[in-house]
Amino acid sequence: MSPKVTKICCIGAGYVGGPTCAVIALKCPHIKVTIVDLNKARIDAWNSPDFKLPIYEPGLDEVVRQARGRNLFFSTDVDKAIEEAELIFVSVNTPTKKSGVRYVERATRNIANIATSSKIVVEKSTVPCRTAESMRTILEANSKPNCRFDILSNPEFLAEGTAIQDLFKPDRVLIGSLQTPEGIRACEALSEVYANWVPKDRILTVGLWSSELSKLAANAMLAQRISSINALSAICESTGANIDEVAHAIGYDTRIGPKFLKASVGFGGSCFQKDILNLVYLSESCHLPEVAAYWRQVVEMNEYQKRRFSKRVVDTLFNTITGKRIAVLGFAFKADTGDTRESAAITLIKDFLSERALVNVFDPQVEHSQIWMDLQEASPLVPLDHIKKHVTIASSALEACKGVDAIVIATEWKEFKELDWEQLYKTMNKPAFLFDGRLLVDAQKLTQIGFKLIGTAIAASLATATLLVSHNTLSKRQRRKHLEEDIKRSLAEFDATGESSRLRTPEDEDESLSSSYSVAYDEELIREQLARNYAFFTEESMAKIRSSRVVIVGAGGVGSWAAVMLARSGVSKIRIIDFDQVTLSSLNRHATAGLTDVGMKKVKCVEKALKKMCRWVQVEAVNDLWRKETGGDLLEGADWVIDAIDNIQTKVDLLKYCHDHSIKVFSSMGAGAKCDPTRIQISDISYTVYDPLARSVRRRLRLLGVNNGIPVVYSTEVPGDVKLLPLPEEEFQKGAVKELGAFDDFRVRILPVLGPLPAIFGLNAATYILCELAEKPIFNPLPIKNRRKLYERMYRDLLHRESKLAGEQLNRLPIDEDDVGLIFDDLYRGRSAVPPYDVPQRPTIVRWDFHKPITIDNLAVFEFKDAEKHAKACWSATGDHVDPDSIWEEAVQQTVKRRAVEAQKVLDWVM
């Protein structure tokens, strides 16, 4: 017969323990329920006379009002409550990884130390699978004579905002126990408590481990649905489909159902991400990497959705939000709760602040102190005083939206739907942008008011673009015969002067630029020359490209190639700035210079070539050195600026000037001493790694307050022995070396550059800017080889292994994912250190010598099974580690040593 429970203790007065045990007390007046917590301020709030509870949950205050003082008590006297209780709920903070279950372990040890009679201990916190086994081991090892502890698992399935209704009418109550007579009796005792108001057919009794895993699985499945619909929303935005209509349609399928199919800025809260990561950790512990990767992707998709949303805000507000004010409505992770854990609003505000925006925040329930604490935790390196200079917490939605450039709805509070949107519109800057991250408001109504609601007219523009491409294709067929005659006639006009057999001087070319190339070039010919661009970008986008102005600072290898492709692609106004002249050594990389151009100004050389290629282009050649004091006029009217400067200080000055004046700029990092084209990629300057020029520029810009927001082309290649050297003495013996330089007083040196590399850099710059001008931007440029996820997985494997060896969960290692990529791809060439040096199916990096710390020269690449073998053979918990040379054959030892020497060269290069 199961024991009757008359006294219950709940350890933990948080979001789970407080509401759950308050409802138990309400529904079971014959049971004394005491909720204890070491946090005195929290207990004082539960006991407050005006019922200002520490947790906001609709209906909770009424429950507490009815039961408190009758059979519901809140106390900080944990020991007394444990001693009196027959059944104890453990409802403390929930961890992500098993090695971090310190709160549960601490509470369990306390129960064992205090209890003098048998207890039923109920695991209420959401914990990793088999935590109950650890609890039982602790209790049995520390229990007093004649004290028996039965462990139950009773996970909560509450949704914040509806928790009280979920407790009153639960879908199910799940209780897990050991399938022993004692375990079953304990399970029946807890079942009898719930049976006071829950129908018995909704009380499910299962095994202990099944109960623990069911909670994780339930939240993982729900989160998966949210990430799935958010992934579909990205496709909808690209194709013109309506995500609400898609969700509505698939929700009619009874196998799928309509719940949790609401696209949004992303899920938050304490449960979903934590429980999925628990599942990931469990999968990795069970050596199921594919399963772990599957569930991890649910979280990664959620983070992607947040990043995509914040990027869309920036892109829509004309590609910059620096100095602009944005209102964020809602800070809680969902409506009807004050819980901010993992709230999307935190990520969005952090992103906005990184773009130097000003933010107004309003939430009807979240305390101001909680908002400041969350923003500080999200940016631990940024002083709170600095955050407060850029963030204002408003007392109402109207106050938050006054004078802003855009509104972002981050939480689906009902009151936001009922705001006086006409009044808000009047107080905003125009155009008034509204980003509905929760699909909450009436889009049609707000559009009629005048708001620019983002993402509502994509289908129409897509259809228009398709029609234009089709029209252009048909028109070209009809015009082909006429164009042939026009081409012959136009070319004849330019050849009328004849071609001289003598080499033309730079002065000759200068004079001819303003005369022969000024002849009007027929529009039909222009469109035919740009026909493939029109087919790719469509009419509307090409109109934007052809009306744009691009300023290129630096007319060397990178700048000249960028200029050529911008002109060939339709950019009609190009200003080129450079102080230098063409030399013989320029010819290995310059896009337009030939032998006859040596001694000519570089800008004139480029101008001449562009007007030959594209006779409609307007080229302004400025033979001058760009300086921050006077260079502003040279950037006037630019839609984009290309930084192709190789002088670090001038480069920094230009980038800083463009950043401060909201001028779009694309920067080229160092192409010198590089030879691997597969290592060239585009990214934000904040992500550049293993490029000394990028590193130096990045550091100087950071000191000037510029952390990110500048797209760059750079190479991840670590050069070999090639260095920047002065001209050797023997070259001076041959003659006047100053003829190789631009000016007599310039230091003569050899720049080690392989000609094709600057060309590739310039083509990257031109391609990126063309797509931006056409408003078809390259979203989230992928790293080379798409290896980032592999590096992240290898990093997590190493972190997991080192954590196991250390006996505690490590939060970080002294290396990062970029170092992992360097080790795997650059040092080990993507192969195992073990002969025959195969490409590993599951590449793994592991510490080579456990006597030494983790550094890039003390890590080796193995197949997973070889890495496991290495760790088991070399690691010793006592510190008496085995020398790896005694484990591995000579070939492996030599390979690792060679790679360590290469790694040291890399460190010398970077540092």
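It should be emphasised that the depicted structure is a prediction, and the values quoted were computed from it without experimental measurement.
The side-chain heavy atoms of Asn142 and Ile138, taken from C-beta on, include a pair separated by under 4.5 Å.
Of the inter-residue distances, the one linking Gln224 atom CD with Phe267 atom CZ reads 10.5 Å to the nearest 0.5 angstrom.
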Distance-only donor-acceptor pairs under 3.5 Å for side chains of residues 167-182, two or more places apart:
| residue | atom | partner | partner atom | Å |
| --- | --- | --- | --- | --- |
| Gln179 | NE2 | Ser177 | O | 2.9 |
| Thr180 | OG1 | Gly183 | N | 3.1 |

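Considering Lys865, Arg801, Met794, Glu868 in turn, Arg801 is the only one that fulfils the side-chain contact (heavy atoms from CB on, under 4.5 Å) rule with Thr844. Under the side-chain contact (heavy atoms from CB on, under 4.5 Å) test applied with Ile88, the options Thr108, Ile120, Ile82 reduce to a single match, Ile82. Among Phe864, Phe850, Trp875, the single residue meeting the ring-ring contact (aromatic ring centres under 6.0 Å, His included) criterion with His870 is Phe850.
Between His800 and Tyr795, a ring centre-to-centre spacing not shorter than 6.0 Å is recorded.
When the side-chain contact (heavy atoms from CB on, under 4.5 Å) test is applied to Lys350, the partners found at least two apart in sequence or on another chain are Ala378, Ser379. The salt bridge (Lys or Arg N to Asp or Glu O under 4.0 Å) check on Asp253 picks up Arg255, with sequence neighbours excluded.
Salt bridge present: Arg148 and Asp150 bring a charged side-chain N and a carboxylate O closer than 4.0 Å.
Between Ser117 and Lys119, the side chains place a donor N or O and an acceptor N or O closer than 3.5 Å (distance only, hydrogens not considered).
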**Prompt:** Run the ring-ring contact (aromatic ring centres under 6.0 Å, His included) check on Phe331 and His368 step by step: do they pass?
**Reply:** CA-CA 10 Å; Phe331 197 83; His368 292 192; over 10 Å; no
